[in-house]
Amino acid sequence: MSAPSRDIRHLDLGGVRVRTSVTQDAGLGPGPGMAPPLLLITGLGASLELAGPLEAELNRHGVRTISYDAPGVGESTPYAWPRRMPGVARTAEQLLEVLGYDSVDVLGVSLGGCVAQQLAHQAPDRVRRLVLAATGPGMAGVPGSPLVLWRLTSPRRYHQPDYYRRIAGDLYGGTARNNPDALLHGPLARFTKPPTARGYASQLYSIAGWTSVTWLGSLRQPTLVLAGDDDPIVPLANGRILARRIPRARLHIVRGGGHLFLLEQPADIARIIADFLRDH
């Protein structure tokens, strides 16, 4: 299957200007009989370029995708005032409203997985199926090591390639332990559109004190939980908690996978996700 073209646009959403990418091959609006597109919500400080390798593999499986830069990340402007998780999820809702999608599948990665959970909770009719990758239930989950979590408080790894290479193994685990450059997939996308200090701090604010554990049992969407067994940031136990608490969830463990297993194995992970989205 040839790579689809993409429509890159900047949308005005409740006071922020958000850069959005939509696959163009099947048009921007939902057509009759077509599966809904997959909304990709990236992690802390990650621009939409970082999801590029996985997104390309998903497109090869016929999955239409929507991705965007979180406010204050990449080319999106920051919030005037930081928002808690419900407000961040509301921005995703507004994005779908402007694009004209009543319902989508949602893939959330790391912090984006928390946004995805919140979106499925507060706008259940918007989310058909849910994929949660390298994420957990927030405060009620099992934290990573204090040193790893301390390093996450700074966006320095997005600005300084040498620093990224020095800390990537301990921070991300998996392939990064021996070959951190393998996760860059050629162009240094990680460093070309780094988060602003204000945008990064806003994302940290959104997750502080947040938890989904009190309402996970009310989520009605079929859910695929993906978790690596060598993830220093979000230990595997968090994936097990999500899979146990969400009624229609199943867990897939990525053996040897670090926090960025979606970049370590984009072709294999895309196949697993595409099969789940097609499974009736």
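All of these numbers come straight from a predicted model, not from anything done at the bench.
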For residues 196-222, pull every pair meeting salt bridge (Lys or Arg N to Asp or Glu O under 4.0 Å), keeping only residues two or more places apart or in separate chains.
-> Asp125-Arg220
Would you name the heavy atoms of Gly141 and Ile241 that are closest together and state the gap between them?
-> CA-CD1, 4.3 Å
Go through the structure and list residues passing side-chain hydrogen bond (donor to acceptor under 3.5 Å, both in side chains) with Ser212, not counting sequence neighbours.
-> Gln117
Pro86: side-chain contact (heavy atoms from CB on, under 4.5 Å) partners, not counting sequence neighbours = Arg84, Gln118, Gln122
So do Glu55 and Ser67 actually touch side chain to side chain, heavy atoms under 4.5 Å?
-> yes
Are Leu149 and Met139 grouped together when hydrophobic residues (ILVMFWY) are joined by side-chain heavy atoms under 4.5 angstrom apart?
-> no
Can you list the residues that meet the side-chain hydrogen bond (donor to acceptor under 3.5 Å, both in side chains) rule with Arg90, with sequence neighbours excluded?
-> Glu93, Glu97
Taking a hydrophobic cluster as the set of Ile, Leu, Val, Met, Phe, Trp and Tyr residues connected by side-chain heavy atoms closer than 4.5 Å, whether directly or through intermediates, do Leu147 and Leu204 fall within one such cluster?
-> no
Name all residues meeting the side-chain hydrogen bond (donor to acceptor under 3.5 Å, both in side chains) criterion together with Asp162; count only those two or more places apart in sequence or in a different chain, and write none if there are none.
-> none
Output yes when a side-chain donor or acceptor of Arg156 lies under 3.5 Å from a complementary backbone atom of Thr153, and no otherwise.
-> no
Same cluster for Ile8 and Val18 if Ile/Leu/Val/Met/Phe/Trp/Tyr side chains link at under 4.5 Å?
-> no
same_hphob_cluster(Leu262, Phe276) at 4.5 Å side-chain heavy-atom cutoff = yes
Side chain proximity check, Arg151 to Asp170, heavy atoms < 4.5 angstrom = yes
Intermediate values then yes/no, side chain to side chain contact (heavy atoms under 4.5 Å, CB included), Leu107 and Asp105 | CA-CA 7 Å; Leu107 163 60; Asp105 296 322; over 6 Å; no
Can you list the steps and then say if Trp81 with Tyr205 is a side chain to side chain contact (heavy atoms under 4.5 Å, CB included)?
-> CA-CA 11 Å; Trp81 296 98; Tyr205 175 81; over 6 Å; no
Between Leu95 and Ile66, is any pair of side-chain heavy atoms under 4.5 Å apart?
-> yes
Side chain to side chain contact (heavy atoms under 4.5 Å, CB included) with Leu99: which of Leu39, Asp7, Val22?
-> Val22
The complete set of salt bridge (Lys or Arg N to Asp or Glu O under 4.0 Å) pairs with one or both residues in residues 68-80, sequence neighbours excluded, reads Arg19-Asp69, Arg19-Glu75, Glu75-Lys193
Which is it for Val131 and Arg129 under the side chain to side chain contact (heavy atoms under 4.5 Å, CB included) test, yes or no, and what are the steps along the way?
-> CA-CA 7 Å; Val131 182; Arg129 289 189 172 223; 6.0 Å; no
Arg64 backbone acceptor or donor facing Thr23 side chain under 3.5 Å = no
What are the two closest heavy atoms between Ala227 and Leu251, and how far apart are they?
-> CB-CD1, 4.3 Å
Thr42 side-chain N/O to Leu48 backbone N/O, donor-acceptor pair under 3.5 Å | no
Specify whether Trp215 and His121 have parallel, tilted or perpendicular ring planes, treating 30° as the upper limit for parallel and 60° as the lower limit for perpendicular.
-> parallel
Please answer: with hydrophobic residues joined when any side-chain heavy atoms are less than 4.5 Å apart, are Val142 and Val148 in the same cluster?
-> no
Are any non-hydrogen side-chain atoms of Tyr101 and Pro36 less than 4.5 angstrom apart?
-> no
Pairwise side-chain contact, Leu152 with Leu171, heavy-atom cut-off 4.5 Å (strictly under) = yes
Check whether any side-chain N or O of Asn238 sits under 3.5 Å from a backbone N or O of Pro235 as a donor-acceptor pair, and report yes or no.
-> yes
Would you mind reporting whether Arg177 and Pro232 have side-chain heavy atoms less than 4.5 Å apart?
-> yes
Where do Leu44 and Tyr158 come nearest, in terms of heavy atoms and distance?
-> O-OH, 2.6 Å
Using modelled atom types only, decide if a donor and an acceptor are shared between the side chain of Thr135 and the backbone of Val109 within a distance under 3.5 Å.
-> no
Which atom of Gly173 lies closest to which atom of Glu264, heavy atoms considered | O-OE2, 3.8 Å
Are Leu216 and Arg244 side-chain neighbours, meaning at least one heavy-atom pair lies under 4.5 Å?
-> no
Does His252 have any ring-ring contact (aromatic ring centres under 6.0 Å, His included) partners at least two apart in sequence or in another chain, and if so, which?
-> none
If you take all heavy atoms of Gly217 and Pro247, which pair is closest and at what distance?
-> O-CG, 3.2 Å
Hey, are the side chains of Arg248 and Thr223 touching, using non-hydrogen atoms and a 4.5 Å cut-off?
-> no
What do the steps show when you test Arg250 against Leu224 for side chain to side chain contact (heavy atoms under 4.5 Å, CB included), and what is the final call?
-> CA-CA 5 Å; Arg250 60 175 121 160; Leu224 172 64; 4.0 Å; yes
Nearest non-hydrogen partners of Ser47 and Gly74, listed with the distance | CB-CA, 4.1 Å
Exam field: side chain Tyr68 to backbone Ser76, donor-acceptor pair closer than 3.5 Å | no
Report the residues that fulfil side-chain hydrogen bond (donor to acceptor under 3.5 Å, both in side chains) with Asp231, sequence neighbours left out, ordered by chain and then residue number.
-> His259
Please, which pairs that meet salt bridge (Lys or Arg N to Asp or Glu O under 4.0 Å) have at least one residue in residues 133-145, sequence neighbours excluded?
-> none
Taking it one step at a time, do Thr91 and Tyr79 satisfy side chain to side chain donor-acceptor pair (under 3.5 Å)?
-> CA-CA 10 Å; Thr91 298; Tyr79 292 121; 2.7 Å; yes
List, by chain and then residue number, the residues other than Val73 in its hydrophobic cluster (Ile/Leu/Val/Met/Phe/Trp/Tyr, side-chain heavy atoms under 4.5 Å); write none if there are no others.
-> none
Remaining members of hydrophobic cluster (4.5 Å side-chain criterion), Val213 | none
Residues passing the side-chain contact (heavy atoms from CB on, under 4.5 Å) test with Ala120, sequence neighbours excluded, are Val127, Leu130, Leu219, Gln221
